[in-house]
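Please read the structure below before turning to the comments.
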Amino acid sequence: MATPMPTPAPTRAAFLSAVGCYVMWGFMPLLFMGQAALGFSAPEILSHRALWSVLFAGGLVLLAGHAGQVRAALGQPRTLGWLALATVLIAINWSLYVWATTHHATLEASLGYYINPLLNMIIGLWLFREKIDRWGWVAIGLAALGVLFQALALGRPPWISIALALSFAAYGVIKKRIPVEAQAGLFIECLLLLPFGVVFVVWLQTHGLGHAFASPLAFGWALLNGPATVLPLALFAWAARRMPLSTMGFIQFLAPTLQFCVGLAAGELFTPLRAVSFLFIWLGAGVFAAAAVFRARAARRALAMVEPV
């Protein structure tokens, strides 16, 4: 009788990294809501993300021994150009997300991250020749209906949801293609954002509008932006280069589910029409997840039938 081959260690590590980053992102709204309660504006939160992230990203580079990769990437205009584009995309994503979670739009933000995995399927088909079966198309169709009902509930297209999904999907594609390890790439992205963060923090403080240095508590909240930003991004970047986009999309449903719960707990408006919207989104996510489970089981059965060499 054939013995199933064990799952390779890198695959297990990539899976755990993906789960960890999405759980962290799921609870991220609490960090921004806490800062907003202390008077932080969305731009101030963003500036402190840029300021403190570079320190923690640099620490990861040193721990991983990837300083040489950073120097090499900085000396390659093509690679640096792709990293600059990734930086623009993640800055757009951060800005929208921080604004949404500090302006009672966490539910709309969570919708964007429900859409993102299904968008990843389409991108995987288009760019990486990954296949989508009929159940995948059913999931995409249900999600499209969910977006339509969300637009009806809001009285406008859910621009925040759409922009979050598009920006992060494009960021994932670039991170998958750049020949730079996760820690090195992330440090360069943070380094590119640093000047903007420093200038705005200084401007806020000199005009008496800053809150981060008003008390030890406020400074602690501001400092948390560093590890809270860097750690999940590093885990995501590392996993994205070692897993299919479709698999990353399946795991990603963790984050919007947690964000949705945070939004509800914060008392955001949840109308019946909005409930219908999320119902279609959840049905799409359920179809996607069930199909992924069935495919994994079929692959294991096929693997078990292969005689060991």
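All of these numbers come straight from a predicted model, not from anything done at the bench. Note: hydrogens, waters and symmetry copies are ignored here, and every other heavy atom, side chains too, is used.
Phe270 and Val147 end up in the same hydrophobic cluster when Ile, Leu, Val, Met, Phe, Trp and Tyr side chains are linked at under 4.5 Å. The hydrophobic cluster containing Tyr97 does not contain Phe200, counting ILVMFWY residues as joined when their side-chain heavy atoms lie under 4.5 angstrom apart, directly or transitively. Side-chain heavy atoms closer than 4.5 Å link hydrophobic residues (I, L, V, M, F, W, Y) into clusters, and following such links, even through other members, never connects Leu235 to Leu186. Hydrophobic clustering, with ILVMFWY side chains joined whenever heavy atoms are under 4.5 angstrom apart, keeps Leu209 apart from Phe32. Under a hydrophobic clustering in which Ile, Leu, Val, Met, Phe, Trp and Tyr are joined whenever their side-chain heavy atoms come within less than 4.5 Å, directly or via other members, Leu273 and Leu283 fall into the same cluster.
Inter-residue side-chain proximity for Tyr171 and Asn93 is flagged as unmet; no heavy-atom pair is nearer than 4.5 Å. Counting only heavy atoms from C-beta outward, the side chains of Val201 and Trp52 never approach each other to under 4.5 Å. Inter-residue side-chain proximity for Leu233 and Trp25 is flagged as met; some heavy-atom pair is nearer than 4.5 Å. In this structure, the side chains of Leu107 and Leu111 stay at 4.5 Å or more apart for every pair of heavy atoms. With contacts defined as side-chain heavy-atom distances shorter than 4.5 Å, the pair Leu60/Phe56 does not qualify.
A 6.0 Å sphere centred on NE2 of His103 holds more than 12 heavy atoms belonging to other residues, nucleotides or ligands. Under a cut-off of 6.0 angstrom, the local environment of CZ in Phe196 is sparse, with at most 12 non-hydrogen atoms contributed by other residues, nucleotides or ligands. The environment of Arg156 atom CZ is dense: over 12 non-hydrogen atoms of other residues, nucleotides or ligands sit within 6.0 angstrom.
Note that CG of Leu193 is 5.5 Å distant from CH2 of Trp94, once rounded to the nearest 0.5 Å. With values rounded to the nearest 0.5 angstrom, Leu224 atom CG is found 7.5 Å from Gln35 atom CD. Between the CD atom in Gln69 and the CD atom in Glu181 there is a gap of 5.5 Å [rounded to 0.5 Å]. For the atom pair Thr102 OG1 and Glu44 CD, the distance stands at 11.5 Å (nearest 0.5 Å). One distance of note links OG of Ser95 with CH2 of Trp99; it measures 12.5 Å at 0.5 Å rounding. To the nearest 0.5 Å, atoms NE2 (His211) and CD (Gln205) are separated by 9.5 Å.
Taking both residues in full, the closest heavy atoms of Ala163 and Leu96 are given as CB-CD1, 3.4 Å, listed atom of the first, atom of the second, then distance. For Ala100 against Ala109, the heavy-atom pair with the smallest separation is CB-CB, 4.0 Å. The minimum heavy-atom distance between Ala73 and Thr79, with the atom names listed, is CB-CG2, 4.2 Å. Counting all heavy atoms, side chain and backbone alike, Thr101 lies closest to Met33 at O-CG, 3.5 Å. Closest approach of Trp135 and Val287 over heavy atoms only: O-CG1, 3.3 Å. The two residues Lys175 and Gly185 have their closest heavy-atom pair at NZ-C, 3.9 Å.
Classification of the Trp282-Phe278 ring pair by plane angle, with boundaries at 30° and 60°, yields tilted. Between Phe168 and Phe236, the angle of the ring planes lies from 30° to 60°, which puts this pair in the tilted group.
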Carefully, step by step, assess Ile188 and Val70 under the rule side-chain contact (heavy atoms from CB on, under 4.5 Å). CA-CA 7 Å; Ile188 294 173; Val70 172; 4.1 Å; yes
Show the numbers, then the answer: is there a salt bridge (charged side-chain N to carboxylate O under 4.0 Å, His left out) between Glu268 and Arg274? CA-CA 11 Å; Glu268 293 185 14; Arg274 212 167 192 188; 5.2 Å; no
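Residues forming a side-chain contact (heavy atoms from CB on, under 4.5 Å) with Ile174 (at least two apart in sequence, or on another chain): Trp82, Leu85, Ala86, Leu89, Ile178.
For the residue pair Gln150 / Ser277, a side-chain donor-acceptor distance below 3.5 Å is found, with atom types taken as modelled.
With hydrogens and angles ignored, the 3.5 Å screen pairs a side-chain donor or acceptor of Ser161 with a backbone N or O of Glu108.
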